[in-house]
2 protein chains.
Amino acid sequence: MEATSTTSSAVHTDVFIKMVLSNWEQQNYRLNKFFDALTDSQFEAEVAPGRNRGIYLLGHLTAVHDSMITLLGLGQKLHPELEEPFIKNGDTPGSNPFSLADLKQYWQEVSSFLTAHFATMPAEAWFTGHSAVSAEDFAKEPHRNKLNIVINRTIHLSYHLGQLIFLKQK
Amino acid sequence: MEATSTTSSAVHTDVFIKMVLSNWEQQNYRLNKFFDALTDSQFEAEVAPGRNRGIYLLGHLTAVHDSMITLLGLGQKLHPELEEPFIKNGDTPGSNPFSLADLKQYWQEVSSFLTAHFATMPAEAWFTGHSAVSAEDFAKEPHRNKLNIVINRTIHLSYHLGQLIFLKQK
C-alpha cells in the first residue's frame with residue numbers, strides 16, 4: 001500500500017509541474033504568435049479608446065516576467081530599468097523611453113531566460129517559497145510557492161492578451 | 001527516507017489543489033466584485049468599439065463554466081440553452097434571447113454549483129481524466145486531468161476580465 005501511494009504521489013508532482021508549465025507555455029505561445037503578426041503601427045495604437053497602447057503592454061509584460069527571475073530565485077532582473085515606466089507608472093505620454101525594437105528584444109531575452117531555467121528547475125524547488133513570502137507566512141500558507149507564481153503570471157498574461165487582441169482588425 | 005518522501009508528496013497534493021482552487025476563487029472574486037459594481041447600461045455596452053458587449057461576455061462565461069459541470073463529471077449542465085448563443089455564436093444583434101436579470105441568475109447558479117462541488121471533490125478525483133479526453137490519450141498525457149480544467153478556465157476568465165474592465169469609466 002505504501003509503495004503504491006509513494007509512486008502515485010511522485011507521479012502527481014511531475015504531473016502538477018507539467019500542468020502549470022504547459023499552461024504557461026501555451027499562453028506564451030499564443031501571445032508570441034500574436035506579437036509576431038502585429039505591425040509597428042498596431043503596437044503604437046491604444047487597445048481601446050483612452051487605454052494602454054500595445055507597446056506599453058509589451059513593456060509591462062516584459063517587466064512583470066523579468067520580476068519573476070528574482071521572485072523565483074533564478075538571479076537578478078535582466079532589465080530593472082523597466083520597472084519604473086511599466087510597473088510603477090501607467091501609459092502616459094512620454095512615459096516610455098524605449099523603442100519598440102528594444103522592447104521586443106528585452107521580451108525575447110526575458111522569455112528565453114525563463115524557458116531555460118524552468119527546464120532545469122528541480123521538482124522540489126518549485127514547492128519552496130518565493131522570495132516575496134516570509135518563512136513564517138510560508139509555513140502557514142505553503143501554497144504561496146514558486147510554482148504558484150507561474151500560475152498567477154499565466155493568468156496575468158491572459159488578462160492582457162484579452163486586451164491586446166483588440167489591436168487586430170476584426 | 002521513504003516515509004519522508006510519502007509525507008512530502010502527500011503535502012504536495014493538498015498544496016497543489018489549494019494553489020489551483022485559490023487562483024480560481026481569487027479571479028471569480030474579482031469578476032463578481034466587478035459585475036456587482038456595473039450598471040445595467042454598462043452591461044449593454046461594447047467593451048471596445050465593434051467588440052462583444054458586457055452582457056454577451058456574462059452569458060459566455062456562464063456557458064463556459066456550465067460546461068465545466070460535465071467536463072468534471074459533476075452532473076448535467078444547468079443551462080444547456082446557453083451554448084448556442086454564447087459559445088457557438090458571437091455577439092450579433094438579436095443573438096441573445098436572455099435578459100440581463102436571467103443571465104445574472106444563471107451565473108450565480110452555476111458559480112454556486114461549482115463552489116459546492118469543488119469543496120467536496122476527493123483529492124484523487126482531481127487527478128483523473130476529464131470527460132473530453134479519451135482513456136488512451138489520458139494514459140499518455142496525465143496532465144489533462146480535471147484540475148487542469150480549472151487552471152485553464154481561470155486563465156479564460158482572466159482573458160475576458162481584462163476586456164470587461166473597459167466597461168468602467170477610467
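Order of the sequence lines fixes the chain letters, A, B, ..., with proteins taken first and strands second; residue numbering starts at 1 for each chain.
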* **Intermediate values then yes/no, side chain to side chain contact (heavy atoms under 4.5 Å, CB included), A/N148 and B/V15** => CA-CA 10 Å; A/N148 206 11; B/V15 166; over 6 Å; no

* Asked: So with a 6.0 Å cut-off around NZ of A/K18, is the heavy-atom count from everything else above 12?
  -> no

* **Residue-level contacts of residues 151-168 of chain A with chain B, using a heavy-atom cutoff under 4.5 Å** => A/I151, A/N152, A/T154, A/I155, A/S158, A/Y159, A/L161, A/G162, A/Q163, A/I165, A/F166, A/K168

* Do A/F35 and A/V110 belong together in a cluster built from hydrophobic side chains that touch within less than 4.5 Å? -> no

* Kindly say whether the aromatic ring centers of A/H12 and B/F16 come within a distance under 6.0 Å. => no

* Cluster overlap B/L114 with B/W107, hydrophobic side-chain contacts below 4.5 Å -> no

* Asked: Would a hydrophobic clustering, with Ile, Leu, Val, Met, Phe, Trp and Tyr connected at side-chain separations under 4.5 Å, put B/F43 with B/L31?
  -> yes

* Asked: If you count heavy-atom pairs under 4.5 Å with chain A, which of B/N145, B/I17, B/V20 comes out on top?
  -> B/N145

* Check the hydrophobic clustering (I, L, V, M, F, W, Y; side-chain heavy atoms under 4.5 Å; chains of links allowed) and say if B/I149 and A/L21 are grouped together. => yes

* Structure fact -> Whatever's closer than 4.5 Å to a heavy atom in chain A on B/E141 counts as neither

* Linking I/L/V/M/F/W/Y whenever any side-chain heavy atoms sit under 4.5 Å apart, do A/F113 and A/V64 land together? -> no

